[in-house]
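Here is the structure we will look at.
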Amino acid sequence: MADVTMDKLVSLCKRRGFIFQSSEIYGGQGGAWDYGPLGVELKNNIKRAWWRANVLERPDMVGLDAAILMHPRVWEASGHVGHFADPMVDCRACKQRFRADDLTVGQLRGASGPVEIDIENALAVISDDGFVLDNVKITGHWPGGNVGNEATRHIQFLVNNPNWTTSVLIISTDDDHKYYQISGPIPHYVERLNLIVRPYPDVPAYAESISLELNSKTNAIALTGRNVCPNCGSYDLTEPRMFNLMFKTFVGPVEDTASQVYLRPETAQGIFANFGNVLTATRRKLPFGIAQIGKAFRNEITPGNFVFRSREFEQMEIEFFVRPGADEEWHRRWIQDRLAWYTGLGMDPAHLRLRVHQAAELAHYSKGTTDVDYLFPMGWSELEGIANRTDYDLRQHSEFSGERLTYFDEEANEHIVPYVIEPSAGVDRSALAFLLDAYREEEVPSTGPSTSSGQGRGETRVLLRLHQDLAPVKVAVLPLSRNEKLLPTAQEVDALLRKGLRDTMVQYDDAQSIGRRYRRQDEIGTPYCVTVDFESLEDRAVTIRERDEMTQERVPIAELAAALRERLES
RNA sequence: GCGGGAGUAGCUCAGUGGUAGAGCUCCUGCCUUCCAAGCAGGCUGUCGCGGGUUCGAAUCCCGUCUCCCGCUCCA
């Protein structure tokens, strides 16, 4: 670890074909990376190891591969539409950035009573520059009666009506502090919208004055006020800008008439949406889990640190369903299980730690989260988050879809909503961490008699001590030289191993000196090299050279595949 | 998005207005050659992209894209 820097690894990854910048010939596409011939093997090996440990070897897990495109309502139910779009404000004085909703939850002056707005044929705009108020309550004459949750259905109507393009932000505080951000028109049947502005108990002192005004000519509500930078006290803040972290796209080739959908920001929701399907199809009993590996997309503000944070990335997620009350015990067990997975694949325990989230940083769905952190060159950062999502998601989807997402508990003879433990790992981050952890620069004294440049010449050997389950190339077949007498036997051995070793990448290389080829294989982490020499032509045996210790052992060609298989499965 | 730094060969970099370079890598050949040996050859560049100034631009100016470090965010 002391040897490695991110720059060295990036260089190696490009040079040897692990990872390339996306669209490099066009100048690059930020936050996206392409995995080359070795990278795809590494990544597949990581995913295979994860799947084996979490699905194949466990009696209580099943797999799933849900679509990336899901119904847009999924993301309203999950909370991503509301919580994944953050209005951000920059302070020009001290260059700090804040979430606008941290700033603007302030005192309201000049509008302390009910504000009635006639919105017939008009557009009500509440702070369309992105301010968020969570002390505004929507009341009014909604067809169908009740306001509370009914309001959300009407808001949905607005979203589906394509006539307006101006953004409308309607905020509602029910008891659970939800707010809704929407785009669209006010439906024609809504005659009147009453906004009641009330004092709010936990008011930070950031906002000096915010007022809510009704423009009688345009029938629009404008929110005005001055915000104070909580860091330096300056009033010199930028307008809030929306940082919407979900990618939008369209279903249907003609955008005008197509419906907008999102590229999923996490794979988890595909599991929740299929909870009922999996339950009935597999007749599972609690506790059980559903595992899924797949791509997810987030419009990151700042991608960076190589593949650590990218806009398109791959997740390995588990949703493990348990009885309410058993959640904390299972949470603890999964934390230990997941930590052990990394060390079991050779990662240095000293480079791993568990970090318990503080209450303030918990995601909106989480009762408790513990991260598995890795000591990256830029510091400790998250490799995997193991969250107790409670019954939040299943209840949300049940409410939004109208489907019953419950488990019938035969013991209690009642329907229950399971709690969920979610170990969610990043494939790309894992790959990066495994590479960093495996990187070594070793001083190798030159001992070979063929080295004419003298004794004791220290040379640096770069190698990846990757766990053999993860190494992209597991066996390299190397004739001692390109001498034509050696080639038929070398090629015979190569063909033998390619077919004889299942799911194993075998590489053949006869270019340049044997020492150079060993070093090349070291640098990509190949655990075993098979060398065909002139003696092989006589005794039908070859040498297996091991990567880490550089030891050699002679094995008859007839037993070679079995010998390698034994080593690779140990 | 803001501030700072940077984009020249596969990699690491030199080149500050006058013919695009070095080291390493890579490729070919020779050598019964086991840990980057030697010898002889060889390939690779719209100098990130677009525009401008100039007799002439990798070099100066403008724009733009990307990368790195912070703010932020999280798998």
Side-chain angles (χ1 to χ4, degrees), chain A residues 6-8 10-17 20-32 84 86 88-92 94-99 231 238-239 241 243 245 265-268 295-296 298-310 313-317 357 361 363 369 371-372 378 381-387 422-430 432 444-454 457 459-462 478-483 485-486 511-523 529 531-535 537 543 545 547 550 552:
Chain A
M6 199 68 99
D7 286 346
K8 283 185 191 176
V10 171
S11 172
L12 189 155
C13 282
K14 179 174 185 186
R15 204 154 25 90
R16 294 304 190 195
F20 308 121
Q21 167 66 226
S22 168
S23 313
E24 194 179 20
I25 62 171
Y26 287 100
Q29 175 63 43
F84 236 56
D86 300 328
M88 306 292 286
V89 173
D90 293 312
C91 174
R92 294 192 183 92
C94 68
K95 308 300 180 193
Q96 299 285 301
R97 169 174 290 161
F98 308 96
R99 302 168 69 107
N231 184 51
T238 62
E239 292 301 300
R241 287 176 295 245
F243 283 62
L245 300 188
E266 63 174 15
T267 58
K295 292 253 181 154
R298 295 182 190 176
N299 232 329
E300 292 291 344
I301 302 166
T302 310
N305 288 320
F306 199 25
V307 296
F308 179 80
R309 179 176 295 113
S310 49
F313 60 102
E314 196 158 17
Q315 295 183 304
M316 303 181 286
E317 290 201 301
H357 281 219
E361 64 177 315
T369 298
D371 286 347
V372 178
M378 69 280 187
S381 285
E382 181 184 356
L383 216 47
E384 168 161 357
I386 301 142
E422 178 196 75
S424 173
V427 179
D428 311 85
R429 288 181 178 187
S430 296
L432 179 59
V444 187
S446 267
T447 54
S450 64
T451 303
S452 62
S453 52
R457 185 169 66 107
E459 286 177 342
T460 302
R461 169 171 91 126
V462 173
L478 312 174
L480 193 57
S481 76
R482 198 176 267 176
N483 186 294
K485 291 177 187 165
L486 292 174
Q512 301 177 343
S513 75
I514 185 67
R516 186 178 297 264
R517 280 175 279 153
Y518 284 146
R519 295 296 166 85
R520 269 204 293 255
Q521 295 299 332
D522 289 341
E523 200 177 27
C529 292
T531 309
V532 178
D533 56 26
F534 291 96
E535 225 175 305
L537 308 180
T543 302
R545 180 263 195 186
R547 176 192 67 200
M550 297 186 281
Q552 298 188 346

Taking ring-ring contact (aromatic ring centres under 6.0 Å, His included) as the test, write out the residues that go with Phe306(A), two or more places apart.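 Here the qualifying residues are Trp33(A).
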Not counting sequence neighbours, which residues clear ring-ring contact (aromatic ring centres under 6.0 Å, His included) with Phe313(A)? List them please.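 Partners of Phe313(A) under the ring-ring contact (aromatic ring centres under 6.0 Å, His included) test: none.
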Nearest-angstrom distance, [atom1] atom, [N] to [M]:
| N | M | atom1 | answer |
| --- | --- | --- | --- |
| G42(B) | G23(B) | P | 14 Å |
| C30(B) | C24(B) | P | 23 Å |
| C39(B) | A6(B) | C1' | 41 Å |
| C49(B) | C65(B) | C1' | 7 Å |
| G56(B) | A20(B) | C1' | 15 Å |
| C60(B) | U44(B) | P | 28 Å |
| U8(B) | C68(B) | P | 14 Å |
| G63(B) | U59(B) | P | 16 Å |

Given the structure, check if the side chain of [X] and the base of [N] hold any donor-acceptor pair shorter than 3.5 Å.
| X | N | result |
| --- | --- | --- |
| Arg547(A) | C35(B) | no |
| Arg461(A) | C35(B) | no |
| Arg298(A) | A75(B) | yes |

Checking [X] now: which residues fulfil salt bridge (charged side-chain N to carboxylate O under 4.0 Å, His left out) with it, not counting sequence neighbours?
| X | result |
| --- | --- |
| Arg15(A) | Glu523(A) |
| Glu266(A) | Arg389(A) |
| Asp522(A) | Arg461(A), Arg545(A) |

Rounding to a whole Å, what distance do you find between [X]:[atom1] and [N]:[atom2]?
| X | N | atom1 | atom2 | answer |
| --- | --- | --- | --- | --- |
| Ile514(A) | G38(B) | CD1 | P | 17 Å |
| Lys8(A) | U12(B) | NZ | C1' | 12 Å |
| Arg309(A) | C73(B) | CZ | P | 9 Å |

Validation row: Glu317(A), Glu422(A) side chains within 4.5 angstrom (heavy atoms):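 Heavy-atom side-chain distance check passes, below 4.5 Å.
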N or O in side chain of [X] less than 4.0 angstrom from [N] OP1/OP2:
| X | N | value |
| --- | --- | --- |
| Lys14(A) | C11(B) | yes |
| Ser513(A) | U33(B) | no |
| Asn483(A) | C30(B) | no |

G-U wobble or Watson-Crick pairing nucleotide for [N] (cut-off 3.5 Å, both distances):
| N | result |
| --- | --- |
| G21(B) | C13(B) |
| A40(B) | U28(B) |
| U33(B) | none |
| G1(B) | C71(B) |

Considering only side-chain heavy atoms of Gln21(A), which listed nucleotide, U32(B), C67(B), C69(B), is closest?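 Minimum distance to the Gln21(A) side chain belongs to C67(B).
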Would you say the side-chain atoms of Gln552(A) pair up with the backbone N or O of Thr543(A), donor to acceptor, closer than 3.5 Å?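 Absent.
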Do any N or O atoms from the side chain of Ser430(A) and from the backbone of Gly426(A) form a donor-acceptor pair under 3.5 angstrom? yes
Most 5' of Asn305(A) and Glu317(A) on RNA chain B, judged by nearest nucleotide: Asn305(A)
Every protein N/O within reach of nucleotides 24-27 of chain B N/O, cut-off under 3.5 Å:
from   : atom 1 : to        : atom 2 : distance (Å)
U25(B) : OP1    : Arg516(A) : NH1    : 3.1
C26(B) : OP1    : Arg520(A) : NH1    : 2.4
C26(B) : OP2    : Gln512(A) : OE1    : 3.2
C26(B) : OP2    : Arg516(A) : NH1    : 2.7
C27(B) : OP2    : Gln512(A) : OE1    : 3.3
C27(B) : OP2    : Gln512(A) : NE2    : 2.7

Has Phe313(A) got its ring stacked on A75(B), by the test of a centre gap below 5.5 Å and a plane angle below 30°? yes
